[in-house]
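Structure record follows, encoded as structure tokens.
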Number of protein chains: 2
Amino acid sequence: MPLTLTDIKNAFERINNKVHRTPVLTSSQIDELVGAKLFFKCENFQKIGAFKYRGATNTLLSLSKDKLANGVATHSSGNHAQALSLAARELGVTAYIVMPDNSPKVKIDAVRGYGADITFCEPNLQSRESTLATIVDKTGAEFIHPYDREEIIAGQGTAALELLTDYPDIDIVIAPVGGGGLISGTAICSKGLNSQIKVYAAEPQGANDAYHSFYSGQFVPSTNPSTICDGLLTSLGKLNYSYIKQHVDEILLVDDNEILSAMKLIYERLKIIVEPSSATVFAAVIKHNNLFTNKNVGLILSGGNIDLQPLFDNYSAKL
Amino acid sequence: MPLTLTDIKNAFERINNKVHRTPVLTSSQIDELVGAKLFFKCENFQKIGAFKYRGATNTLLSLSKDKLANGVATHSSGNHAQALSLAARELGVTAYIVMPDNSPKVKIDAVRGYGADITFCEPNLQSRESTLATIVDKTGAEFIHPYDREEIIAGQGTAALELLTDYPDIDIVIAPVGGGGLISGTAICSKGLNSQIKVYAAEPQGANDAYHSFYSGQFVPSTNPSTICDGLLTSLGKLNYSYIKQHVDEILLVDDNEILSAMKLIYERLKIIVEPSSATVFAAVIKHNNLFTNKNVGLILSGGNIDLQPLFDNYSAKL
């Protein structure tokens, strides 16, 4: 049975007291600029700094005690690794995380800080998968895929559920697409609440496998993606593709320069830190402006985990 | 009659529907780090991106129609210029702003964007004052000092009033000191609500005129201040000095490196943009940690107007 709004609502009941109900920000200056009323759902304020904590928490709370008895495992150097580690710690479950040995120290420290058991591998997909297989084999841990899994998708959809509960007059919802967990959950939720709501996905030009899959009508795997949006380099999931085909209206491409300009406006006007992946949605509203004129638009800002060292290097250099 | 809590409450009633009631953020990770419970009052989310909008609005709403008839004037290249310009526009009053001719374009554009009448002067205090005097003489505009004025102080105190209304169990309130408007209003309000509350001021080591004045017992003017906190370079006001002497418990010094480290933690953990001046208060909590252990601490984050170009230059260089 494919996921429906009911699954998102059940996920919300399950995780509600474990996740932050993130704020929704607005800016009259930004609204003037784009000629629409924008509602920014701030998942950068979510635990671990990204929406991923919703899906990880929902998945662990959906699994039986037996399934959790030997721990959970994944390979990731990004937000999913932190999300799974913290969600597991909160439930007293061991998290085994396979990370490429060239992962930034700040990310390794964060995952370790959440108490995960880290195994390093070579920085390629083959090594990640074979290392993970060995660990799962040895420990009996349950593999938690970062996006291609129904409990993950249902969890990610709760951000849109909160947004549309707070602002039921929203006409359009837009979320980024990478692996597709967030946009799938967002689309299932939004269309389930109101079939008139338009749902758009924003995707970087340099990692446009979802775009090609969506408009060609056949699943096109990602090859050599290149974008500043490190959270959107992953290849679209098969399960996610099926939900996107069914529930998403358009996929809007934006290039890295457009993403950076949008990100700067978010920093300057909203005074919040978001990672480049988050800025794709605002970049799409600016670039494809005619789709949004005079509409109430909900934008899911996916996360805020970004290396700020360059900014501080510059300040330190002034001292 | 010196200002009391009643004046702050009156200011609040006057400006309440014109200013943002800014959010208060907390972080369990930060609390763990410092061994205290911190409540960050986010004036970086205030209109024009800083608390200054409170004082400017209160002042204009306190003045008679006659006084406002010929407009208002000030010299400033910073947040006060923007605050006065927007507050004046909201009331249909002309704002005359004297700005040094080397002011950053982004600040000139912001003031112009709020509809102010800008006059440029040479970048020194003498030229600023003489240019302002000429304009006041010619137009009959009312000069609005950025901090050494009672209506300004009362307006700035409303941030603490909101904070302590939302969190009445706060034991300590800390705010930055530059000219002294914010800390004066904060101290009058906090001690007026509860004389047991400790009030601390945070000041950059490189601009420590308030520190010297406070502990020597005589007013020491600022000479050659040097700090990354561009908002705290101004010299303490005489009126502000008298309120600080009466109501502030300690002035805590922090150096620029400590301020930068604290600012980075705020960016990384709270996911918000603040300017260096704002980070002084958190730097003081980290440095003078024994004063804060196990206390509930309210920190006024004064503003978020910072040039983010260095960060984006670095990102653009990667493309």
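Below, chains carry the letters A, B, ... as their sequence lines are ordered, and counting in each starts from 1. None of these values were measured; they are calculated from a predicted model.
Judged by distance alone, the side chains of Asp169(A) and Asn296(A) never bring a donor and an acceptor atom under 3.5 Å apart. A donor-acceptor pair shorter than 3.5 Å can be found between the side chains of Lys271(A) and Asn305(B).
No other option in Leu260(B), Asp256(B), Thr227(B), Asp313(B) has as many heavy-atom pairs under 4.5 Å with chain A as Leu260(B).
Around the CG atom of Asn224(B), the shell of radius 6.0 Å holds no more than 12 heavy atoms that belong to other residues, nucleotides or ligands.
Of the atoms belonging to Asp255(B), not a single heavy atom falls under 4.5 Å from chain A. For Pro23(B), no part sits under 4.5 Å from any heavy atom of chain A, backbone or side chain. Using a 4.5 Å cut-off between heavy atoms, Gln29(B) contacts chain A through its side chain alone, with no backbone atom that close. If you measure heavy-atom distances from Asn257(B) to chain A, the contacts under 4.5 Å come from both the backbone and the side chain. Only the side chain of Ile228(B) comes within contact range of chain A, with heavy atoms under 4.5 Å apart.
No side-chain donor-acceptor contact under 3.5 Å links His80(A) to the backbone of Ala56(A).
Of all heavy-atom pairs spanning Val274(A) and Tyr267(A), the tightest one is O-OH, 2.7 Å.
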